[in-house]
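Below is one structure; the comments refer to it alone.
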Amino acid sequence: MLKINGITKNYDEKKAVDNLYLHIQPGEIYGFIGHNGAGKTTTLKSIAGILKFDSGEILIDGMSIVDSPIECKKIMAYIPDNPDLYDFMTGIKYLNFVADIFGISSEDRSQRIRKYADTFGLTADLAQPIATYSHGMKQKLAIISAWIHEPKLIIMDEPFVGLDPKAAHELKLMMREVCDGGGAIFFSTHVLEVAEKLCDKVAIIKDGVLVRSGTMEEVKGDDSLEEVFLDLEAE
Amino acid sequence: MVKTLIKKQLMEVFKGYFYDSKKNKKRSSGGIIAYFILFGVLMIGVLGGMFGALAVSLCGPLSDAGMGWLYFIIMGSLSIVLGAFGGVFNSYSGLYLGKDNDLLLSMPIPVRYIMASRLINVYILGAMYSIVAILPAEIVYWVVVGPTISNMVCGIILIFVITLIVMVLSCILGWGVAKISLKLKRKSFAVVVSSIAFIGIYYFFYFKASALIRDLIANAGVYGDKVKAGAYWLFFLGKAGEGDWLSALICLAFALAVFAITWYVIAKTFLSMVTTSGKSARTEYREKSVKEKSAFRAVLGKELSRFLSSSTYMLNSGLGIVFVVVSGVLLLFKGEVFFSTINSAFEQMPGAASILIAAALCLLACMNNISAPSVSLEGKNIWILQSLPVRPATVLRAKAVLHLLLSGVPMVFAVICIMIVLPETVIVRLMLLAFVLVFICFSVMFASFLGIKLPNLSWTSEVVPLKQGGAAMFSIFGGWVIVAAFAGLYLLIGYKIGPSIYLAISTLVFAAAAIILRRVLYTKGAQAFAEL
């Protein structure tokens, strides 16, 4: 579903991501862990096609994000770490805007908006301007907009930040549902307990370099993910 | 503590002079000096010069008639109006909507200290506007009547009193504006309509100014008696300007007392104001069937919503729409006189009226630069369009088409009005229509091109891309230079070939330029958008 073949991204003199290789199969929830400034967001933005990388290749369902960006984006969704949405729109206007871009029929969008807005308890607020939303409500709206076209691959940067416990639980169920349906999810998180319980595979990045990746058992063995992560950070 | 708060407040007010937010670093000393000089030239040179000229015309006759106090009442009132209107739209946000409210309230700082520092902010903003009217008035008075210790010291007291009154009025009016705006559904439209009305009133008085001044000087005695009978306290204000110590002290005591009351009330009500949200009608969501749109139409709709949601955007980038429509209607009724005046003034250059009216319409069209700040206005939202499966060229096309529609439709109306009254052949009239429409296409492409060439996504206030952005400024002033060249060239040599051929050639030139810019916009520009 997602193949990252040796991508490198430099910011002036600094190597933000250095020759990164990752392969994410359909059905996998893949966690991406690293300290602040390790290169997680740079990697995720590169996959989403909103950041140009210097070398390497990113393939989504066999298509290059550089050569076929529109085709790749049609089957993918991206949620950034800070959901800066259009404050001048209402929630429902924003969802319809995204649905229009993806060419979702009015029946399908109505049914999906109803389903996910009810799941997150956001239905009553959909007519309100986004400017009046809290951080958590914006995050919920961003998640609904990402799910609205039933993407095969979902890229998320710290998706649980700002969500209440119920919404976080619902999101985990939704993530599993996507993967059970043959999709894949690649997301970054600082909450190691969540990664440990939720992810099928995990990758740890340090100073732009992939230091460990694989199934949860391969990465952590008998230790906790926190212990492994802290050991790697100390090296 | 108060000193530290005031220092922080002053740093915020003058941040733009010391800090380049685009480059995210401190300005060079040369840059700081240049900014202050530019500000000084604009405020003192332009505005101050305007009020200085008014003061010169009033001071001599009124002080000769022994009514110097009436002169100070007039100039003082102008100064108060200017200062209060200048600060009214910023005072409420300056006092209550500081982003550091929570931070400051969580610290052991008395609320009255916080409010004192915030009031300084309002005071400076109001003073900057009011001083440009009252200071030239004082200087003119000292030159005309002759400086004495009493009229100089009392004059300075008067300036201080006026700036204090302005601050108090700004607080009251700002509070009122904020309360009213909370109740308005279409706030941005209300601001646009009131601003246009304000501009209309301003120009009405501007054009009537000389008649009003003549009337005032001729009937100074009558007006003076009316002031003394109806508003005796104003008389003290005027006498203070003349150098009357008692009046100056009474005015000072009054202003200080009003200031103290304002400070007390604001400090007392601050907590309740910042912790209570205004009552806003909550719209209940009801599921409705929606019509599917293409990606292009979806982005176009989004751009229109963005434009209509912001009064700052509408006023800075779309004011020309109103001017174009008003010009069309005015010329429909007054066109005959207007065109015959121009034709007689340019008797040697046949067809000059057609070219000059085309140039005037193009100047107004350049004021609509909707697509120029549009890319920058994406700001932190840029990730949305970049991550969605929509081609960058489609995004840029939607931005350009919105500009074209909002600028072009009113222009067609205006040109049709003009075509009815323009004393020219049918061919010239049709060429005028063709030229103006092609020029609008060019100006849209020019503004869109500048928008993608000079983007600024790192702003914290939309005023930055709308007012101070390179794209917004160059699209207007660059457009005006091009229009001036078009009109100037006709008056120099173009008239020899006549208006229809000149308009035809110009149409072809601008059409070619628009096509080239369009091509660059949708290829290199689209690539640049994807990489922002």
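Every chain is numbered from 1 and lettered A, B, ... according to where its sequence line falls, protein lines coming before strand lines. Excluded from the calculations below are hydrogen atoms, water molecules and symmetry mates; all remaining heavy atoms, backbone and side chain alike, are included.
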Open item on the list: Just so I understand: if I count every heavy-atom pair under 4.5 Å between each of A:T132, A:D100, A:L126 and chain B, which residue has the most?
Closed with: A:D100
Task: When B:S305, B:S289, B:G301 are compared by non-hydrogen pairs under 4.5 Å with chain A, the top option - done: B:S305
TODO: Start with the C-alpha gap between A:H190 and A:N36, add the side-chain angles, then the distance that decides, and say whether side-chain hydrogen bond (donor to acceptor under 3.5 Å, both in side chains) holds.
DONE: CA-CA 9 Å; A:H190 284 298; A:N36 293 332; 3.2 Å; yes
- [ ] Examine whether an atom of A:K93 lies under 4.5 Å from a heavy atom of chain B, and if so say whether it belongs to the side chain, the backbone or both; otherwise answer neither.
- [x] side chain
Open item on the list: Only pairs of heavy atoms separated by less than 4.5 Å count here; which of A:S105, A:P69, A:A48, A:G49 has the most with chain B?
Closed with: A:S105
Open item on the list: Is it the case that the side chain of A:E28 and the backbone of A:Q25 share a donor-acceptor pair, with hydrogens and angles ignored and the cut-off at 3.5 Å?
Closed with: yes
Open item on the list: Could you go through A:K40 and A:D157, starting from their C-alpha distance and side-chain angles, then the distance that decides it, and tell me whether this counts as salt bridge (Lys or Arg N to Asp or Glu O under 4.0 Å)?
Closed with: CA-CA 8 Å; A:K40 300 187 297 296; A:D157 200 350; over 6 Å; no
Open item on the list: Could you report the tightest heavy-atom contact between B:L300 and B:A398, atom names first, then the distance?
Closed with: CD1-O, 3.4 Å
- [ ] Name the orientation class of the two ring planes belonging to A:F186 and A:F32 (parallel below 30°, tilted from 30 to 60°, perpendicular beyond 60°).
- [x] tilted
Open item on the list: Just so I know, are the side chains of B:L457 and B:L532 near enough to count as touching, which here means a heavy-atom distance under 4.5 Å?
Closed with: yes
Open item on the list: Does any backbone or side-chain atom of A:K74 lie under 4.5 Å from a heavy atom of chain B? Answer side chain, backbone, both or neither.
Closed with: both
Open item on the list: So for B:I382, is it side chain, backbone, both, or neither that comes closer than 4.5 Å to the heavy atoms of chain A?
Closed with: neither
Task: Engaged part of A:I75 at the chain B interface, taking heavy atoms whose separation is under 4.5 Å - done: neither
- [ ] Sort A:I92 into side chain, backbone, both or neither according to what part of it lies under 4.5 angstrom from a heavy atom of chain B.
- [x] side chain
Task: Proximal component of B:E292, with respect to chain A [non-hydrogen, under 4.5 Å] - done: both
Task: Residue selection (most heavy-atom pairs with chain A, distance under 4.5 Å) from B:K291, B:E531, B:R306 - done: B:R306
Task: Side-chain heavy atoms of A:Y78 within contact of A:L153, under 4.5 Å - done: no
